[in-house]
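Working notes for the structure below.
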Amino acid sequence: MRWALALFLATPALAGVAPFLVTGDAIETPLAASPGDAARGAAIVRNRETANCLICHAIPDARERFMGDVGPSLAGVGSRLTPGQIRLRVVDPTRLNPEAVMPAYHRVEGLTRVDARHQGRPVLTAMEIEDVVAYLAGLKE
Amino acid sequence: MKWLLLLAMLPLAAAAQEVRPSRDFLSPALRAQQEDPSRHPGWLWVDEGEALWRRGEPSCRSCHGDIAGMRGVATRYPAVAADGALLNLEARIERCRVENQRAAPFGPESEALLALTAAVARRSRGMPMSVPVDGPAAAFLEEGRAFYEARQGQLNLSCGQCHDQNAGRNLRGDVISNGLGTGYPAYRLEWNGMGSLHRRLRACSLGVRATQFPLGAREYLTLELYLAHRARGMPVEAPGLRR
């Protein structure tokens with residue numbers, strides 16, 4: 001019985017995707033038990049090995065050079081969107097617009113030809129999503 | 001009624017999206033350098049390729065004559081050979097190397113193969129691409145088109161989401177072009193050398209965290225045919241110069 005319970009709990013962790021509920025255009029409930037950390041989120045957004053958000057987006061930071069403009073600037077995103085709205089847009093923007101260019105950062109289902117090194121794992125963990133949300137929610141202007 | 005007509009025309013308009021030559025997306029400095037053989041390191045490969053053309057027994061020249069006779073050939077590749085295989089320029093040269101020159105293959109991405117390919121392709125420089133896509137090429141073209149249009153990789157992006165929808169925009173330090181193969185083989189500063197189109201395609205696959213196919217794989221060959229078709233009327237730029 002204990003074994004069965006452990007297996008049940010372990011299943012979502014194995015898939016690496018936390019369960020979440022979409023209400024309207026947002027995911028209101030955080031994906032992780034502990035609150036996100038904006039400083040960690042700022043580092044994740046800049047990280048070229050994982051999230052690599054700056055290939056497509058600009059952030060308000062004069063020290064960053066060569067930021068992309070495929071997506072809108074993230075300056076002021078914390079005033080335009082609620083944390084819940086930001087969470088859904090980072091978790092899986094195709095839930096809002098099937099044609100979205102913005103990649104889903106917390107999804108493993110329905111992807112094709114994923115490189116073996118990344119198979120079955122989302123780009124960002126639930127905790128990393130929360131860190132990114134905390135950082136973006138703080139970008140008020 | 002007019003509204004209905006407009007609606008019916010929409011998909012057509014999207015399909016006829018404008019494609020611009022790859023050099024239009026280069027920085028002015030790189031573009032000028034690409035046009036100037038004396039400042040273009042890719043020309044070292046062209047020179048080496050022209051030397052190889054005259055070497056060996058029998059040499060390429062002994063069958064084909066002066067390499068100037070290769071004018072226009074690159075505008076027609078990839079092409080379906082008599083045995084039904086789809087060959088890009090590299091594969092066509094390797095076939096002559098093995099079957100006609102009766103020597104060991106140069107090998108994918110070898111300096112000799114890049115050099116000969118660059119030397120042959122540059123004889124079409126400035127000429128408009130016009131790859132045949134009817135007859136036996138048609139099925140290959142559709143395979144390439146399907147690959148081009150499919151979202152793929154952990155980042156779930158199709159080629160067109162970058163190279164059609166976002167051409168001209170910045171992806172970090174890169175200006176996204178229409179993703180044509182017309183500049184290949186190309187000298188890429190990041191590679192510090194010459195590289196094939198398939199090597200560049202592997203980089204795009206890696207970029208979206210998708211399966212990288214081997215050089216010469218069917219997936220990239222059919223894709224190359226589709227890219228050549230997309231590039232219809234665009235000038236051959238090989239050897240290209242890229243950052």
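Computation of the quantities below employed the complete heavy-atom set of this structure, encompassing side-chain atoms and omitting hydrogens, waters and symmetry-equivalent molecules. Below, read A as the first sequence line, B as the second, and so on, with proteins coming before strands; counting in each chain starts at 1.
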Next item on the list: Go through the atoms of A:R65 and report whether side chain, backbone, both or neither lie under 4.5 Å from a heavy atom of chain B.
Entry: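 Contact with chain B: backbone only.
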
Margin query: Taking side chain as everything from C-beta outward and backbone as N, CA, C, O, which of these in A:Q119 sits under 4.5 Å from a heavy atom of chain B? Side chain, backbone, both or neither.
Written below: neither

Please name the pair of heavy atoms, one in [X] and one in [Y], separated by the smallest distance, quoted to 0.1 Å.
X	Y	answer
B:Q161	A:E99	NE2-O, 3.4 Å
A:V101	B:L157	O-CD2, 3.1 Å
A:T112	B:R151	OG1-O, 3.6 Å

Next item on the list: Check whether any side-chain heavy atom of A:L111 sits under 4.5 Å from a side-chain heavy atom of B:Q152, and report yes or no.
Entry: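 Heavy-atom side-chain distance check fails, nothing below 4.5 Å.
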
Item checked: Proximal component of B:L155, with respect to chain A [non-hydrogen, under 4.5 Å] -> both

Margin query: Just verifying a value: how many Å separate A:R113 CZ and B:F213 CZ, rounded to the nearest 0.5 Å?
Written below: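 Going from the CZ atom of A:R113 to the CZ atom of B:F213 covers 5.5 Å.
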
Margin query: Can you tell me how far apart OG1 (B:T211) and NE2 (A:H118) are? Round to the nearest 0.5 Å.
Written below: 10.5 Å

Note to self: Could you go through A:V70 and B:Q165, starting from their C-alpha distance and side-chain angles, then the distance that decides it, and tell me whether this counts as side chain to side chain contact (heavy atoms under 4.5 Å, CB included)?
What the structure shows: CA-CA 9 Å; A:V70 169; B:Q165 259 175 272; over 6 Å; no

Margin query: Has B:Q154 got a side-chain atom pairing as donor or acceptor with A:R121's backbone, closer than 3.5 angstrom?
Written below: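 Side chain of B:Q154 to backbone of A:R121: a pair is present.
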
Check: So, the side chain of A:D69 versus the backbone of B:N170: is there a donor-acceptor pair under 3.5 Å, distance only?
Finding: yes

Margin query: Taking A:E64 first and then B:R172, would you say they form a salt bridge - that is, a charged N and a carboxylate O separated by under 4.0 Å?
Written below: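 Salt bridge flag = yes for B:R172 with A:E64.
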
